[in-house]
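Here the structure is laid out as structure tokens; the discussion comes afterwards.
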Amino acid sequence: MRNYEIAQILYQIADILEILKVEWKPNAYRKAARTIEAMPEDVYEIYKKNELEKIPGVGIHIAGKIKEILETGSLKYLDKLKKETPFDYEGLMSIEGMGPKKVMALYQKLKIKTLKDLEKAAKHHKIRELFGFGEKTEESILKNIELARTKKKRILLGTALPIAEEIVSGLKKYCIDIKYAGSLRRMKETIGDIDILACSENPEKVFEEFSKSGEVIVKGSTKCTIRLNTGFHVDLRIVKPESFGSALQYFTGSQTHNIALRRIAISKGYKLSEYGLFSGAKQTAGSYEKDVYTKLGLQYIEPELRENAGEIEHALKNTLPELVSYNDIKGDMQVHTNWSDGENTVQEMVKAAAAMKYKYIAVTDHAGNLKIANAMNETRLKKQAKEIEKIQKKFPQIKILKGAEVEILKNGSLGVKNSVLKELDVVIGAVHSYFKMPEKEMTQRIVNAMSNEYINILAHPTGRKIMQKLPYGFDFEKIIEASKKYSVFMEINSWPERLDLSDINARKAMERGCRLFVNTDSHSVQNLNLIRFGIAQARRAWAEKKDILNTLDYEKLVRVLKKTSPHSKL
DNA sequence: GCCGTTTTCGGCCCGACTGTTTTCAGTCG
């Protein structure tokens, strides 16, 4: 049972309790759910240590329920609650504008149980007759049912960021300041909607220009929401300059981070809102985001850390890590060319990397017997090595490492002979087949591969693809141990649908003493820019510069690849 | 249901927008 699943159960309880008009308990369950959802440590581990009640927001009762969930896989309390709400509350509440109160009212007055019932009632104009409902509510229900059918759920960070950047740059000329906020600024792997914050002397003009990008859903004096033709929502908020910092703080979230921050504000006699930090009627901070944190007695917290996953406690004690920066990367360690399945030549890739001021780049085309991806055999590897040597002479400012991405076979051996691997500067191992092996065998397979003396990097270690494919089952703890034992380093793959290791797994690995690489797995020149997504996940995992090995100078990097010093001494 | 250098009882983040009703409840973020 994963943290996510436990959180979902607690959210369900909160929803039902809210429908049943129970006071405050929904907040308590929701708070516990959010904490658990964002926690890097497995709840199961905490349960084993008998420390469930140490989780913030979890008291004796919720701890008992988590225990039951972990021990039996279900929860009697939830089953009982579900019986009290014999209608599809989840489906009904998934309709925009439908909350617990309306869902319950419609059930009691019209016996509406399902989305179908709801649609039918609306079409027959039954809803407008009810007290508290009206014609417009009925129309919006019909419209939103239709939209829910086509609605896209969350989208990848790599998809959302360019959209946001385009909107921001288009509106810039009408604004004093404009920035994207929300989960996008926190660089979360998926984004629910895009939040943009601006201050301007002519807000109406900004809203007018903004409205051209999509269909207007909500429009007030300070806020406008549009729907892009992909179904995706973009919010624009306009505030006064003296509130821009506090608004940026507020709209960056996360929600749990903000709630925690506001509680600190209250405990110090302040009130914190998007308009500023107030002591009575007097604003003590607001123009600059940093001031909000400073005035609350906190270290500035980078957006990527704002998940209420320990960052506030550290900020209070001034012990936050100095995160690896977006400029710290000195080279990319996984890059494909047209020797295998990449689009560009070695020279084009090297030239692009040099333009990024990289000090080194590893050319790591697929090698071995992999049927897909045009993998190279021994002869072609040798040929490519010669070409690399030629190109190296043309680009003295950047070191080109000869490498390969090698298949980890079913039994854990590598798809290329050791005598060939020996000649390479860097060897990347990856699982590309037999994803559904039993957990024990998969673990042993990967550990076997890592014990090979020439392998350096384990690529996209869990094999997950966001919103498409779950990680293959294996014991992550054992891989962490193998990583340290054999000096084979896991990567954070920057590809937006991979981001593998994830922020949570990367943090777990680093807490256990692992160092990582951040690579793009580029298949074209443009892909080299994906590195920012990988670095973002490293930052979300609390990585400092020392934790990321491709921040090292070339000379030190080579020592790492030659495995001459143990993992712990790097 | 949780939590406490104001409290073991009595609070619980805060504000915008919409639609309904006519001063506010519900929903959303």
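The analysis underlying the following values was restricted to heavy atoms, covering all of them including side chains, and did not include hydrogens, waters or symmetry mates.
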Quiz prompt | Nearest heavy atoms of Val58(A) and Ala32(A), plus distance in Å | solution =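 Closest pair (atom of Val58(A), atom of Ala32(A), distance): CG2-CB, 4.0 Å.
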Practice problem: Nearest-nucleotide wise, let me know which of Val58(A) and Asp235(A) is further upstream toward the 5' end of DNA chain B. | Solution: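 That would be Val58(A).
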Quiz prompt | Whichever of Arg263(A) and Ile60(A) has its nearest DNA chain B nucleotide further upstream toward 5' | solution = Ile60(A)
Quiz prompt | Any side-chain donor near an acceptor of the partner, Tyr293(A) and Gln249(A), under 3.5 Å | solution = yes
Practice problem: Verify the distance criterion only: is there a donor paired with an acceptor across the side chains of Glu208(A) and Tyr174(A) at less than 3.5 Å? | Solution: no
Say you pick atom [atom1] in [N] and the same atom in [M]; how far apart are they, in whole Å?
N: dC13(B); M: dC2(B); atom1: P; value: 15 Å
N: dT22(B); M: dA16(B); atom1: P; value: 24 Å
N: dT23(B); M: dC28(B); atom1: P; value: 25 Å
N: dC12(B); M: dT7(B); atom1: C1'; value: 13 Å
N: dG11(B); M: dT18(B); atom1: C1'; value: 30 Å
N: dG15(B); M: dG10(B); atom1: C1'; value: 24 Å
N: dG1(B); M: dT5(B); atom1: P; value: 23 Å
N: dC9(B); M: dC14(B); atom1: P; value: 25 Å

Quiz item: Using purine N1 to pyrimidine N3 plus N6-O4 or O6-N4 for Watson-Crick, or N1-O2 and O6-N3 for G-U wobble, each under 3.5 Å, what pairs with dT8(B)?
Solution: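 None - no nucleotide pairs with dT8(B), as no candidate has both distances under 3.5 Å.
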Quiz item: Do Phe133(A) and the base of dT20(B) stack face to face, with centres under 5.5 Å apart and an angle between planes under 30°?
Solution: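 No.
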Quiz item: With a non-hydrogen cut-off below 4.0 angstrom, is Lys223(A) in contact with a base, only sugar-phosphate, or nothing?
Solution: sugar-phosphate
Exercise. Could you pull out all residues at least two apart from Arg128(A) that satisfy side chain to side chain donor-acceptor pair (under 3.5 Å)?
Key: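 For Arg128(A) the side chain to side chain donor-acceptor pair (under 3.5 Å) partners, ignoring immediate neighbours, are His125(A), Glu138(A).
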Quiz item: Are more than 12 heavy atoms from other residues, nucleotides or ligands located less than 6.0 Å from atom CD of Glu135(A)?
Solution: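 No - once you tally the heavy atoms of other residues, nucleotides and ligands closer than 6.0 Å, there are 12 at most.
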Quiz item: What is the distance, rounded to the nearest whole Å, between atom CD1 of Ile312(A) and atom P of dC13(B)?
Solution: 14 Å
